[in-house]
Amino acid sequence: MLSPKPQRAILGGLNDAQRRAVTSDAATVAILAGPGSGKTHTLTARVVWLVDHVGFRPEDVIVATFTVKAAREMKERIGKALGSGRENRIILGTFHSIARRYLAAYGRHIGLSQKFGIAVDADSREIIGRICKRLQSGIDPYAARAWISKKKAKGTEAASSNAAAQKAAKVPGLQHLDQCYREYQDHLERSNLLDYDDLLLRCAELLRKFPSCVSNVQAVLIDEYQDTNGVQYELMKLFAQRHRRITIVGDPDQSIYGWRSAEIRNLWRLLREFPDTDEVSLEENYRSSQSILDLSLLVIQQDKKRYQKALKPIHNKGSRPVLRKLKSASAEADWVVSEIKRVMMMSGSMLTHNDVAILLRTAALSRHIESSLGKAGIAYRMVGGHKFYEREEIKILLDYLRVIHQPENNDALARIINFPQRGIGKITVERLLEEAETSSLSVWAVLWKHCRGDRTAKTKLTKPAEQKLSVSLLRPLDDIRKQIGEASGPNGTPFGLVQMIEQLLATLDFQKQLQKEHPDDYEQRWANVQEFISLAADFVREMDRSDEDALPEIEGLQQTKEVEVLPRFLATVSLASDAQTGDDSHDNKPLVTISTIHAAKGLEWPVVFVPAVYNGSIPHVRAEDSDEERRLLYVAMTRAQSLLYLSYPVFGPNGNGERNELSPFVEPVSGSFLKKGPCFDRPVLGEIARILQRKLPPEDSIFKTLPAMFSPEDNLFPVDPEESRQDVKGGFSRGEFQSGENTSRIKRPRLHGPSAGQAHSEEVQWRREYTTTMEQSSTVTIASLPGFVSVGAHQAAITAANTTSEATQKAERIKRSSSRRPADQKSIVGFVRTVSGSARSAAAARIPESAKHNDAVPVRNPFAVQQPESAPTAQAIDPGLAGHKLGRGKLMTRPAVPNEEKPVRRTQYACFSSSPPRPAAAEDGKGNNSVEPDDDEPPPPPTRPAACLHATTFNLPKGLGGAIKRPAGLSRERITPLERLRKPFKPLTINRS
DNA sequence: CCACCGATAGTTTTT
DNA sequence: CTATCGGTGG
């Protein structure tokens, strides 16, 4: 295990460019590449190469990422490749966490107290808010904070430059801002806190003054380099100051952190400062279908200033992305949910909810989506946004822990001083803070001395308040603090974190307090507390398992060992935005992911929805850099592997007719999108399967799970919501095709009545009714199932054959002719009335048509199914089927169908064997697509038999197989093992659990 | 001076 | 949906 791996173990599965990047002998390597090109995979492989082939010690390698999630994933990947737990020795993490580790170990060399804490966002905001209020200078606290952070993030090099000075001079109220900055910094220092920017700045200071801290470092690798800001750039160089070996990967098109002072400029800066940098570009995209990539490129290319890169699709064309227009945000959410359901249903077991992501510009947009998913009973997880740690009850607990750790943290103390209520209000708190500041004592010290009689606080406290403070705050916390000190003695068994929290909960009588304060939702909150405890337990366990925060010993340099759990736990919480409940494993339920676009960077999903693509959301109203907003959309779009949906509500949320405009980034290319979800016929599903390298389930297994009355089309919402009222009156909307579903058709458009809210509730109601029908129908007759299925499949087939824009006209002609079938309708309705006497058996109404088709009609033009069928059929079937029970079982017992299908297929396969096997993707970027009818090609003839799923599954009477002329494209669902092997590189699929 | 009530407005993205 | 503001009652 410890012996060097053979090269091919490291390099296997890499393409030439990737291999070159991994094995480059150059000191600095810059890997520039577009999305889905295996950047991170390449970086990972280079780490393994450096350790296993070049022979660097893992602890001499620094790998920096930007998000906790990315770090975790990187570590996991490296761990898999490296083995022996050596990944734990690599100094790997976010810039901030690495900086913190160095500061914890060596901070005292630059006069940093050992017990520094981290001021999170909320802390900074609060502190600055208070300062602004006190200064009365009329600065917007929000602007002040942004200004301060920007100033810090610039880094020392840039800050000293003339340009920065000139720019700064232009800012109005500079004096006030500067003063605010100074006071903020003073406050942090007094409270022994570092904010996020300080972590980087102070670490840079440390490494500049004490280069020996990083004298062991052989190589530095940076992921998502385009997101580095000024300090981070300096830090990177400082990390690598000994050997100047740096590897970066990045994509300027995915720079979406400009607001956090990320500078794409750093890329050119690096190339200038390290002229011998080996530049490698990765051009193949292994993630997305060609059409997704094409459209994404159309979007990003609107930025004329951007650095152009090649991006070659490896996959087939795939189905065209969808741009869907909905009436309101809630209709949009409902549509997303309906489309998710449809995709899940139509793809059988190939896709699960885990494969779906909904990516949002802002976390706040999730509200409608969450409620729609909730109503549909679809489980989801929301990533991004600091939800968990921002919960009130969790915040309080954390603040207690912070005060235990740092009694001098006045802000944390101020927040817990009156929870539970101790009769100390806002005003007293303000006075205490002021007194502490003027007497240069911490609030804790003031109170402590006061209660012990050493010094009487100038702030007057009532007797009961004094009492409560002493009994339920000062003493208990001091006790805990003592226990920590005692236990972490020679024996090294520290006072357990969980134990500590539990003691805290007990002394505060936390559960009762919660009950008192929040009688209505106290259970939820208490559950959160439990979750918090289990999180802490996980943390402790993880920490024991791998001592990942340790830095390698360096001779002649004193290091402070971090032995205490608490500070590390607090730091981890502060530096991790999401609570990442590590144990998603306890229920393996597939979850739909809702995420901000920012948090989705670096990830991929088979199916991606990007709602709210309207002006004001993307680009966001408050965004100052429109190009960055465009890149954001680009990032979102390129997360998708096989299905991409954009959507937007036409009307704003206030119901006052305020209109949303389609995002200017999408508008110019809106014609390239489908107007509604694609039809999931066999070829389309086959393409999806091939992109994902999954097995497409046989269609009968898909269809037998389809509920009756399930709509295989994206037709529950009007394509143009503004015409929806006319649709209701007319019964049919132009461009919306329905064949045998007239009864339900009439109902559906009503969902989108004048009021969005109303439409919403109606929709839900209607669905319930639907479900009921479906449940009942399963006990009615067998034929309802295949009967329905055939119609659905059939529609799917027709639409599939006509999805292209040129084909639309033709499709409409077909649609119109097919929907005009008065004779048929009448006979069906008559059937329904006589058999069940209930209008809800619309599904059953389709039995005759398809049943007859199945049994009696030989395979032919699929549209032939549309021909009116006669009433006698219905009668003929009714008695025969009356006794049948459940559709599913029956389906499987139909021997003729599946048995006959196989030989037929084999025959067809043999037929195709005359053409060469599909070339492996790497050999020919185009060849693999050749079987896919291009969107721009003329539509296939309407007689295209394969488009009829129905025919392939159910309708091939013995001996007819050879008669079917199936176009070459139709067996695409096959993925031969050979093809799979030939895939030059399969990026590790990210485990998003 | 503290606690509670209702109304109100306002909400990017992350370490 | 939730911090914040302004008012009232203890």
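Throughout, protein chains are lettered first and strands after them, A, B, ... in sequence-line order, and every chain is numbered starting at 1. These numbers come from the heavy atoms of this one structure, side chains and all, not from hydrogens, waters or symmetry mates. For clarity, every value in this text was computed on a predicted model and none was experimentally measured.
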Counting side-chain heavy atoms from CB outward, which of [options] is closest to [X]?
X       : options                   : value
D121(A) : dT13(B), dT12(B), dT15(B) : dT15(B)
W259(A) : dT12(B), dT15(B), dT13(B) : dT13(B)
A363(A) : dT12(B), dT13(B), dA3(B)  : dT13(B)
Y257(A) : dT12(B), dT13(B), dT14(B) : dT14(B)

So F239(A) and Y102(A), would you call those rings parallel, tilted or perpendicular, with 30° and 60° as cut-offs?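 The rings of F239(A) and Y102(A) sit tilted, inter-plane angle from 30° to 60°.
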
Classify the ring geometry between Y645(A) and F609(A) as parallel (under 30°), tilted (30 to 60°) or perpendicular (over 60°). parallel

Starting from [atom2] on [N], measure out to [atom1] on [X] and report it in whole angstrom.
X       : N       : atom1 : atom2 : value
E393(A) : dT2(C)  : CD    : C1'   : 14 Å
Q232(A) : dT15(B) : CD    : P     : 12 Å
K516(A) : dC4(B)  : NZ    : P     : 8 Å
L360(A) : dT14(B) : CG    : C1'   : 16 Å
L365(A) : dC1(C)  : CG    : P     : 14 Å
L235(A) : dT15(B) : CG    : C1'   : 13 Å
I427(A) : dC5(C)  : CD1   : C1'   : 14 Å
R125(A) : dT11(B) : CZ    : C1'   : 10 Å

What is the nucleic acid contact for [X], judged by heavy atoms within less than 4.0 Å: base, sugar-phosphate only, or nothing?
X       : answer
F95(A)  : nothing
R431(A) : sugar-phosphate
T67(A)  : sugar-phosphate
D197(A) : nothing

Face-on cation placement of R622(A) at Y142(A) ring, 6.0 Å and 45° thresholds: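 Yes; both conditions hold, so R622(A) lies above the ring face of Y142(A).
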
Below the 4.0 Å mark, does [N] have OP1 or OP2 next to a side-chain nitrogen or oxygen of [X]?
X       : N       : value
N229(A) : dT15(B) : no
T596(A) : dT14(B) : yes
Q421(A) : dA3(B)  : yes

Is there a donor-acceptor contact under 3.5 Å from the side chain of Q232(A) to the main chain of N229(A)?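 Flag set: sc Q232(A) to bb N229(A) pair under 3.5 Å.
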
Would you tell me whether S149(A) and D197(A) have side-chain atoms, one donor and one acceptor, within less than 3.5 Å of each other? yes

Say whether H187(A) and D411(A), considering side chains only, have a donor N or O and an acceptor N or O under 3.5 Å apart. yes

For R422(A) and for E629(A), find the nucleotide of DNA chain B with the closest heavy atom, then tell me which residue's nucleotide is more 5'.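 On the 5' side of the pair lies R422(A).
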
Quick check: on DNA chain B, is the nucleotide nearest A623(A) upstream (toward 5') of the one nearest G423(A), or the reverse? Name the residue that is more 5'.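 The residue mapped nearer the 5' terminus is G423(A).
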
May I ask whether H598(A) stacks on the base of dT13(B), given the cut-offs of 5.5 Å between ring centres and 30° between planes? no

Has the side chain of R622(A) got a donor or acceptor atom sitting under 3.5 Å from an opposite partner on the base of dT12(B)? no

